[in-house]
Engineer: 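Pasting a structure below so you can have a look.
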Amino acid sequence: MDLQQHVLVVPCPAQGHVKPLIKMAYNLAYHGIKVTFANTEHVGGKILAAMSESDKEQCPIRLVTYSDGLESSPEKRDGPGMMDDLKKVMPDNLEKLIKQINDSDNEPITCVIADLSVGYILEVARKLGLKQVAVWPAGPGSLALSLHVPKLIETGIIDENGSPIGNELIRLSEEVPALKSSELTWSCPGNPTVQKMLLDYSLDVKQAAENASIVLCNTYYNLDSSSCAMIPNVLPIGPLPAIKKLNPSSGTLSSQDSTCISWLDKQPANSVIYIAFGSTTVFSQKQFNELALGIELSGHSFLWVVRPNIVNGSFPEYPNNFLERTAARGKIVEWAPQEEILAHTSVSCFFSHCGWNSTMEGLSHGVPFLCWPYMWDQFFNKNYICEMWKVGLSLEHDEDGMISRHEIKTKIYDLLTDDGVKTNALKLMENAKKSVNEGGSSYENFKSFIKYLEA
Ligand code: UDX
């Protein structure tokens, strides 16, 4: 009898990582692979709290937890040193977890699939004689950039701390959008300590990617074949959700307010701006006010995700009477079922921070983007959206470093009257669908991955 393959999937404990890895895990389970999904106790608790009872009953994977070692200093979970803290305890805790599972389960773990952000745990898999697979939930361009860090240092483009030496644009290849020095994924102007941490993180990612047998990536090959070609052993299997439908509440760390779907149902087709900036973006109160007033000035209906910590970690205050003035055409929620919203016919465009998941989700539904990146890979993703794929427009800061209400109003108008952008977005949507439908490149890659696991 064939041995039942049993994979342990380990995401980095953050929303933008857990959700795509859960999607991938569900797809593996639907293909007959046994999947155990390991979250930190903190994230695992949030996932269960946000999951509906029926989704829990139908969940095809086993959810387990391990300690992140931060029980006595929980505030560190939101701090910049979190990745370093995790690295200190994760290998041991994961090794213990694997041994525990194998002692109590007659189908032992055969493979570890680790998020590259915590890719050092593949070393544990190697030590235990298990298959080692990496997954990069962000775009291939940002991974190719991490792989290039030593070369960028060697050729004098950046220094050992990640700071650009000159001011010229940085290009990985002719086919990949150029980056301004401030757009590097580790760039953190004004905070050299955090920048160095992010650069070291990029080097960890590089090392883990180079050691993994396979690097799964949430993209499809033709979307960015040049970056894919720069990554050894890459296997593009995206866009992830379309391979098999995910239960709506799985993999989200906050409860989704689904009243916005019935609200959208009542709006005319193509009339609502969907505004959401992912799980970590924060604004100053002043910038938040400009954003609110810009949305109001546009005159359009809107559905806006305003996380309770969006203004420097706290509740925002809205400009005077903003809520009353916009009540008839605006809906504000704290967390939304984003993919259902992007699939809704009432949505006209996506005002986004350009996180990679949001980028793939918008692109999968043919929705044009208004781009306001915050940090990490989001500037690079914005360059893909605006310069390479031409499916969106970007906002420009004024001389005080603010995005003004007038800039927001103008760009919303420009975007919604740009037929070229909409046509491009629909084309990319079709290509994305083709890639995950039977015979498509991601579909075939996923099948070959299953074969690899079963071999
Ligand atoms: C972060 C980085 O921003 C991103 O660039 C990197 O690629 C992964 O880590 P995050 O900022 O959370 O992620 O953005 P994003 O990658 O877009 O992921 C957010 C996820 O949360 C998406 O899957 C989105 O569907 C989901 N979401 C967002 C909701 O379910 N509800 C919401 O209201 C908003």
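Every number for a ligand or one of its atoms is a count from 1 in the order of the listing.
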Engineer: Name the orientation class of the two ring planes belonging to Tyr384 and Phe380 (parallel below 30°, tilted from 30 to 60°, perpendicular beyond 60°).
Structural biologist: tilted

Engineer: So, the side chain of Asn381 versus the backbone of Cys354: is there a donor-acceptor pair under 3.5 Å, distance only?
Structural biologist: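 Side chain of Asn381 to backbone of Cys354, a donor-acceptor pair under 3.5 Å: yes, one is there.
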
Engineer: Nearest heavy atom to atom 19 (C) of ligand 1 wins, so pick from Ala14, Gly355, Ser358.
Structural biologist: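 It is Ser358 that holds the nearest heavy atom.
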
Engineer: Does Arg307 come within less than 4.0 angstrom of ligand 1, counting non-hydrogen atoms of the residue?
Structural biologist: no

Engineer: Determine whether the side chain, the backbone, both or neither of Asn357 has a heavy atom under 4.0 Å from any heavy atom of ligand 1.
Structural biologist: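 Under 4.0 Å from ligand 1, Asn357 contributes backbone and side-chain atoms.
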
Engineer: List ligand 1 atoms under 4.0 Å from Ser279, heavy atoms only on the residue side.
Structural biologist: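 Counting from 1, the qualifying ligand atoms are 10 (P), 11 (O), 12 (O).
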
Engineer: Sequence neighbours left out, what pairs pass side-chain hydrogen bond (donor to acceptor under 3.5 Å, both in side chains) with at least one residue falling in residues 136-149?
Structural biologist: Trp136-Ser142

Engineer: Name all residues meeting the salt bridge (Lys or Arg N to Asp or Glu O under 4.0 Å) criterion together with Lys56; count only those two or more places apart in sequence or in a different chain, and write none if there are none.
Structural biologist: Glu53

Engineer: Regarding ligand 1, does Trp376 bring an N or O atom to under 3.5 Å of one of the ligand's N or O atoms?
Structural biologist: no

Engineer: Just need the protein heavy atom nearest to atom 2 (C) of ligand 1, so name the residue and atom and give the distance.
Structural biologist: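 The closest one turns out to be Gln378 NE2, 3.5 Å.
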
Engineer: So which heavy atom in the protein is nearest atom 25 (O) of ligand 1, and how far is it from that ligand atom?
Structural biologist: Glu361 OE1, 2.6 Å

Engineer: For ligand 1 and Thr252, I'd like to know whether there is a polar contact (N/O to N/O, distance under 3.5 Å).
Structural biologist: no

